[in-house]
Each structure stands twice: as structure tokens, then as C-alpha cells.
Number of protein chains: 2
Amino acid sequence: MLKESILRYKEKGFKLTPQRIAIFEYLDGNTSHPSAEDIYKGVKEKYPTISFATVYNTIQALRDKGEVLELMIDSKRRHYDPNVSPHHHTICMKCNKIGDMFFDFAEKVVLRDEHLSGFEVLSSQINFYGTCGDCL
Amino acid sequence: MLKESILRYKEKGFKLTPQRIAIFEYLDGNTSHPSAEDIYKGVKEKYPTISFATVYNTIQALRDKGEVLELMIDSKRRHYDPNVSPHHHTICMKCNKIGDMFFDFAEKVVLRDEHLSGFEVLSSQINFYGTCGDCL
DNA sequence: TTGGCTGCAAAATATTTGCAGAACA
DNA sequence: TGTTCTGCAAATATTTTGCAGCCAA
């Protein structure tokens with residue numbers, strides 16, 4: 001991970017411990033939509049003494065600062081996405097892989113009042129369920 | 001709940017116990033997107049000896065037969081929707097209320113290959129986050 | 001009659017919390 | 001140095017499971 005990226009976290013107010021840097025590195029550019037356990041296991045390889053509490057604490061700090069999104073995709077456990085730019089997800093019902101779909105919903109669709117009935121939309125997440133290319 | 005509705009469940013292969021009928025009645029036309037605990041509490045009023053295991057068992061049976069959908073909305077607990085016709089949801093970030101939005105995504109938007117990259121979409125769920133009319 | 005359902009309790013899983021010691025700033 | 005973070009363990013919350021007895025078909 002580049003020093004500039006690390007410094008960006010520092011500027012955002014993160015206290016930079018080695019554990020946190022290991023988590024930042026694990027998440028940087030990661031498109032696998034990991035769960036807390038995935039992050040724990042992945043970071044444990046490089047930093048064997050890390051604890052679950054630290055993973056959860058760091059995820060929480062990242063969420064608070066808008067550096068990570070919690071995905072509403074898997075009812076069994078939470079998954080996280082370090083890509084916070086607006087996009088959506090595909091979920092393969094065969095292999096359970098979560099993929100990214102870059103598609104600007106707001107650009108394509110204008111919601112009309114009849115749909116909204118007074119609700120003010122700030123953001124949206126779309127889950128597309130189906131079969132991925134590998135499984136087809 | 002109408003007798004015909006009850007009979008429909010019977011035809012679908014449900015063994016009709018009083019507990020199950022109480023759950024069917026609780027869910028029938030329910031637009032509150034209840035959690036398992038909500039269902040448990042609601043049914044307990046009319047059927048005080050019901051257990052959590054029965055609620056979970058019945059939800060599972062309903063899901064298997066396509067009579068109830070599990071919503072990917074709340075990372076803390078699962079919510080269920082007895083309305084299985086295609087629709088989406090609004091989540092108020094102030095009061096946490098889950099609302100329905102009837103909007104045919106497939107009708108409005110044609111996903112192009114560039115977005116799909118080999119993924120075959122079978123269904124979709126959209127979560128709209130924002131503020132509901134009551135909270136505005 | 002019997003296979004499936006219920007209720008109880010225990011287990012499993014995921015996440016949160018309390019706290020003493022460590023370490024970043 | 002002081003505040004924040006870490007790691008451990010215990011607590012909490014949700015969902016699942018095992019099993020003996022019950023009951024709808």
C-alpha cells in the first residue's frame with residue numbers, strides 16, 4: 001500500500017497502529033466483499049496476533065469515516081466494501097460470489113412521486129440475484 | 001383470515017397446526033416487514049404457548065414454498081415480507097421504518113452487456129435509503 | 001397410525017463490550 | 001504523558017438444532 005494512502009487515513013483522524021495498517025492494506029483495492037472473519041483471517045497471515053475485537057473496532061471506525069460500506073446482501077454475516085463510490089452488486093445463487101456492477105441508477109431512472117409517496121431518497125443499493133459467468 | 005387462504009396453504013403441502021394458522025394470520029396482508037421476534041411477539045398474544053423454534057420452522061417452510069421473502073435490509077436481524085410480488089423497499093434512516101415501493105425495475109431499465117459481464121439476472125432487490133414522509 | 005410439528009433447552013454463530021495493559025501522537 | 005487502541009475473555013443477540021412427546025391427516 002502506498003504511503004500516501006496511509007497518510008490519507010492519518011489525515012482523516014485514524015491513529016495508525018500496525019494492526020490498522022494491516023487492515024487498510026487488506027482492504028485496499030479489495031473487490032471480494034469480505035466479512036469480518038475474512039478480514040480477520042486475511043490480516044492474521046501477516047499480523048498473527050491481531051484480535052477480532054480490533055477488526056470490528058477498525059471496521060466501525062472506517063464506517064464512521066465513510067471509508068467502508070456495509071453491504072445488505074448476506075443475512076448470515078455482514079460483508080464490507082472498501083469501494084464507496086456508487087455501485088451495485090450481483091450475487092451468484094450457485095457459488096455465492098458477490099460481484100460489482102457499475103451502473104448509475106439515478107442517471108437512468110427518475111423516480112416519480114407516485115412511487116415515492118413522500119419518501120426522500122438519499123442513496124440506493126441494488127442486489128441483482130442470478131448466475132455468474134463462471135457458473136453458467 | 002379467509003378459509004380459502006388457509007386452504008391454499010394446505011394445498012401447498014402445509015400441515016395446518018393452530019400455531020401455523022396463527023402465523024399465517026399474522027403475516028396475511030402484513031406490510032410491516034417483521035423480524036422473527038416481531039412475529040413471535042405478535043403471535044404470542046393470540047397463541048401464548050408458541051415457541052421461537054416454531055416461528056423459525058414455519059418461516060423456513062414458508063420461504064421454501066415461496067410464500068415469504070427474506071429481506072436484505074437490516075444487518076442486525078432478518079426481516080420477512082409476505083408480499084412476494086416484485087417490489088422494492090424504502091428504509092427511513094431516522095425511524096428505521098421499512099416501506100414498500102412498487103416500481104418495475106426491469107420495465108424501466110434494460111441492463112446492457114457492459115454492465116453484466118456475463119451475469120444472468122434472475123431477480124433484483126432495491127433498497128432506497130433516505131427519510132420517510134413522517135420524518136420529513 | 002405415523003410422519004411431521006411443537007416446545008423446551010442447549011448449541012452454534014456473529015457481534016459487542018469491559019477492562020487492563022500497550023503504544024501512538 | 002495522555003488518550004486511544006489492542007487483545008483477551010465474557011456477554012449479548014440471533015438463529016439453529018436435538019429430542020421427547022404430541023397431533024393433523
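Every chain is numbered from 1 and lettered A, B, ... according to where its sequence line falls, protein lines coming before strand lines. Computed from heavy atoms alone, side chains included, the values below leave out hydrogens, waters and symmetry copies. Computed from a predicted structure; not experimentally measured.
Within the structure, a side-chain polar atom (N or O) of B/T49 is placed less than 4.0 Å from OP1 or OP2 of C/dG7. Contact annotation: B/T17 side-chain N/O to C/dC5 OP1/OP2 distance is not under 4.0 Å. Contact check, A/Y56 against C/dT16: no side-chain N or O comes under 4.0 Å of OP1 or OP2.
A continuous path of ILVMFWY side-chain contacts below 4.5 Å connects A/F52 to A/F24, so both sit in one hydrophobic cluster.
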Report the C-alpha separation of A/M72 and A/E70 in whole Å, then their side-chain angles, then the decisive distance to 0.1 Å, and conclude whether the side chain to side chain contact (heavy atoms under 4.5 Å, CB included) test is met. CA-CA 7 Å; A/M72 300 301 179; A/E70 180 183 306; 3.5 Å; yes
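Rounded to whole Å, the distance from NZ on B/K65 to C1' on C/dC5 is 13 Å. Atom-to-atom, CG of A/L7 to C1' of C/dA25 comes out at 14 Å; the value is rounded to the nearest Å. Atom CD of A/E11 and atom P of C/dA25 are 13 Å apart (whole Å). Residue B/L16 contributes atom CG, which lies 15 Å from atom P of C/dG4 at whole-angstrom precision. C/dT6 atom P lies 11 Å from atom CZ of B/F14, rounded to whole Å.
A/K97 pairs by the salt bridge (Lys or Arg N to Asp or Glu O under 4.0 Å) definition with A/D134, not counting sequence neighbours.
In B/K12, the NZ atom is crowded: over 12 heavy atoms of neighbouring residues, nucleotides or ligands sit closer than 6.0 Å. Enclosure of atom NZ in B/K65 by more than 12 non-hydrogen atoms of other residues, nucleotides or ligands within 6.0 angstrom is indicated.
With 3.5 Å as the limit, one finds a donor-acceptor pair spanning the side chains of B/D100 and B/H33.
In terms of position on DNA chain C, the residue among B/S51 and A/R77 whose nearest nucleotide sits closer to the 5' end is B/S51.
The outermost nucleotides of DNA chain D lying under 4.0 Å from heavy atoms of chain B, listed 5' to 3', are D/dT14 to D/dA25.
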